[in-house]
Structures are given as structure tokens and as C-alpha cells.
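Quick note: residue numbers are just sequence positions, from 1. Numbering of ligands and ligand atoms starts at 1, following listing order.
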Amino acid sequence: MAVISLGGSVIAGKDIDVGYINDFKKFMDECEEKLYIVVGGGHIARKYIKAAQSLGRDQYTLDSIGIKATRLNAMLLMSSTTYPNIPESVDEAVEYAEIYKNVVMGGTEPGHTTDGVALLLAERLRESYVINVTSVGGVYDKDPRIYEDAKLIERMSYGDAIEIVASKKMDAGLNIPIDMLALKIAERSNIKIRIVGKDINEIKKVIMNDNFKGTTIG
Ligand code: UTP
């Protein structure tokens with residue numbers, strides 16, 4: 001079994017990466033493990049949230065709009081091995097997984113992100129780790145998209161990650177692509193967060209417990 005938080009921007013940035021979605025679906029269908037995929041909102045979530053914000057909508061409504069975007073992205077990953085509906089809660093996801101091999105979902109309720117959903121799901125399933133698939137592919141000492149000599153940080157404690165996110169030391173170049181709530185859930189249940197890039201081979205390595213290119217928090 002594996003819980004994967006798939007960043008929205010990995011599949012749906014400004015353009016939807018149909019080729020990658022196809023490869024990812026193939027991986028899901030062929031993987032021997034039961035997969036729980038939680039898909040993020042990506043570009044469409046940001047676009048709609050920004051527009052609704054300009055229209056003066058409240059934060060709860062903005063989150064609800066974001067959740068709809070995550071579910072729209074999740075629908076792109078449906079296949080014959082996934083339950084044909086999008087679960088709207090962690091409990092529903094667990095229920096659906098009893099019937100189908102894989103489950104694909106988006107957000108659940110306002111107040112957190114899909115990383116939070118993935119951690120809650122892992123907690124409910126007593127899983128020891130969550131795979132976080134992001135465009136950047138790990139935590140670096142400075143932005144690897146700008147600096148060629150940026151160094152990958154392979155391991156980080158919950159405490160250090162929480163401190164960095166809390167103090168928003170982003171200007172130091174360190175960017176942890178996980179929100180505070182998700183980190184806190186990971187810490188309280190000792191769930192490791194393994195951050196990787198979009199390369200499906202690296203995701204497979206994490207599942208097979210091999211060395212992978214990325215960062216482990218916890
Ligand atoms: P994401 O999980 O994609 O958030 O959900 P993010 O971290 O901003 O985006 P990535 O990781 O770069 O792709 C998009 C938005 O949907 C709402 C939040 O407003 C979130 O910012 N959301 C999502 C919820 O309110 N609850 C959820 O369970 C999930």
C-alpha cells in the first residue's frame with residue numbers, strides 16, 4: 001500500500017500534461033501495491049481562487065473552490081483500476097479501496113491542502129510514510145530552478161521542517177513544499193514524508209524501499 005500526494009502542478013500547470021497523466025495511469029494500473037492518490041489543485045485552483053478573491057469571496061469559499069479544482073484534476077487520473085467516483089472524505093477513500101484496487105481523490109474540507117489529506121489518510125491507514133510528488137523534487141538549500149549549485153537536503157527532522165515553515169525562512173532559499181498542518185500530522189503519528197520529483201521511476205524506488213533522489217522528512 002502507498003499514499004501519494006501528487007502536486008497539482010505536476011499534472012496540470014498552465015497546460016495539462018496528458019502524456020505524463022497517461023504514464024502515471026499506466027504505473028497505477030501495473031503497480032502491485034494498492035495506491036491511494038491525492039491530487040492537488042495546480043494552476044486551475046490558483047486561477048479560480050484568485051478570481052474569487054478579487055470578487056471579495058470569503059476564505060472558506062475560496063478553499064471550497066480549491067477543493068473542486070483538486071477533484072477536477074483527480075478525475076483525469078481515473079482508470080479501470082480506480083473506484084469510478086471521487087471520495088469526498090478520508091473514510092470514503094478507505095471504504096472505496098475495499099472495492100477497487102486504487103483510489104484517486106482530491107481535497108476533503110476547507111482549512112488545509114491535499115498534503116494534509118494525504119497525511120490524514122496515511123494516519124487512518126496506519127501507513128509509515130507518504131510520497132509527496134512535486135515539480136521541484138525535494139528540499140534544496142536554495143532554489144534549484146535558479147541556482148545550478150543548489151544542494152539537495154536528503155534528510156530533515158520534523159522539528160527542523162516545522163521551524164522553517166513556521167518562520168517562513170523562504171528568503172533563505174529553503175522551500176519546503178509541505179504545509180504546517182500536514183507536518184504536524186506527520187510528526188504526531190511518526191509518518192515519514194518522502195518528497196520526490198515527477199519521475200515515475202523515483203516514485204517506484206520509494207515504494208520498493210530503494211534509495212531515491214529526494215528528501216525524507218521525519
Ligand atoms: P492544493 O493541495 O493543491 O494546495 O489545494 P496548494 O498547496 O496550494 O497547491 P500545490 O501543492 O502547489 O498544488 C488547492 C487549494 O484547495 C483548497 C485550499 O485552498 C488549497 O490551497 N483545499 C484543498 C482545501 O481547502 N481543502 C483540501 O482538503 C484540499
Asp210 atom CG: more than 12 heavy-atom contacts under 6.0 Å: yes

Polar contact flag for Ser64 and ligand 1 (N/O pairs, less than 3.5 Å): no

Stacked cation flag Lys151 on Tyr140, 6.0 angstrom / 45 deg: no

Residue Thr70 vicinity, atoms of ligand 1 by number, heavy atom under 4.0 Å: 5 (O)

Numbering as shown, the atoms of ligand 1 that approach Gly40 to under 4.0 Å (heavy-atom distance): 3 (O)

Candidate pair Ile86 and Met75, rule side chain to side chain contact (heavy atoms under 4.5 Å, CB included), full reasoning: CA-CA 7 Å; Ile86 303 286; Met75 287 182 82; 3.9 Å; yes

Side-chain donor-acceptor pair present, Asn102, Thr82, cut-off under 3.5 Å: no

Best match, Gly66, Gly107, Ala69: closest heavy atom to atom 16 (O) of ligand 1: Gly66

Per-atom contacts of ligand 1 with Val117, taking only distances under 4.0 Å to non-hydrogen atoms: 28 (O)

Backbone or side-chain N or O of Glu109 under 3.5 Å from ligand 1 N or O: yes

Arg46, portion touching ligand 1 at heavy-atom distance under 4.0 Å: side chain

Mutual orientation of the aromatic rings belonging to Phe27 and Phe24 [parallel < 30°, tilted 30-60°, perpendicular > 60°]: perpendicular

Proximity to ligand 1 by part of Thr134, non-hydrogen separation under 4.0 Å: neither

Selected option - heavy-atom contact closest to atom 21 (O) of ligand 1, from Leu181, Ile67, Leu62, Thr113: Thr113

Contacting atoms of ligand 1, where contact means under 4.0 angstrom from a heavy atom of Gly111: 25 (O)

Residue part near ligand 1, for Asp63, under 4.0 Å between non-hydrogen atoms: both

Element-labelled atoms of ligand 1 that are located less than 4.0 Å from some non-hydrogen atom of Gly41: 1 (P), 3 (O)

Numbering as shown, the atoms of ligand 1 that approach Gly42 to under 4.0 Å (heavy-atom distance): 13 (O)

Donor on one side chain, acceptor on other, Asn73 and Thr70, under 3.5 Å: no

Heavy-atom side-chain proximity of Glu154 to Thr216 below 4.5 angstrom: no

Per-atom contacts, ligand 1 versus Pro110 - under 4.0 Å to a heavy atom: 25 (O)

Nearest neighbour of atom 1 (P) of ligand 1 from the list Ile178, Asp179, Thr114, Asn132, on a heavy-atom basis: Thr114

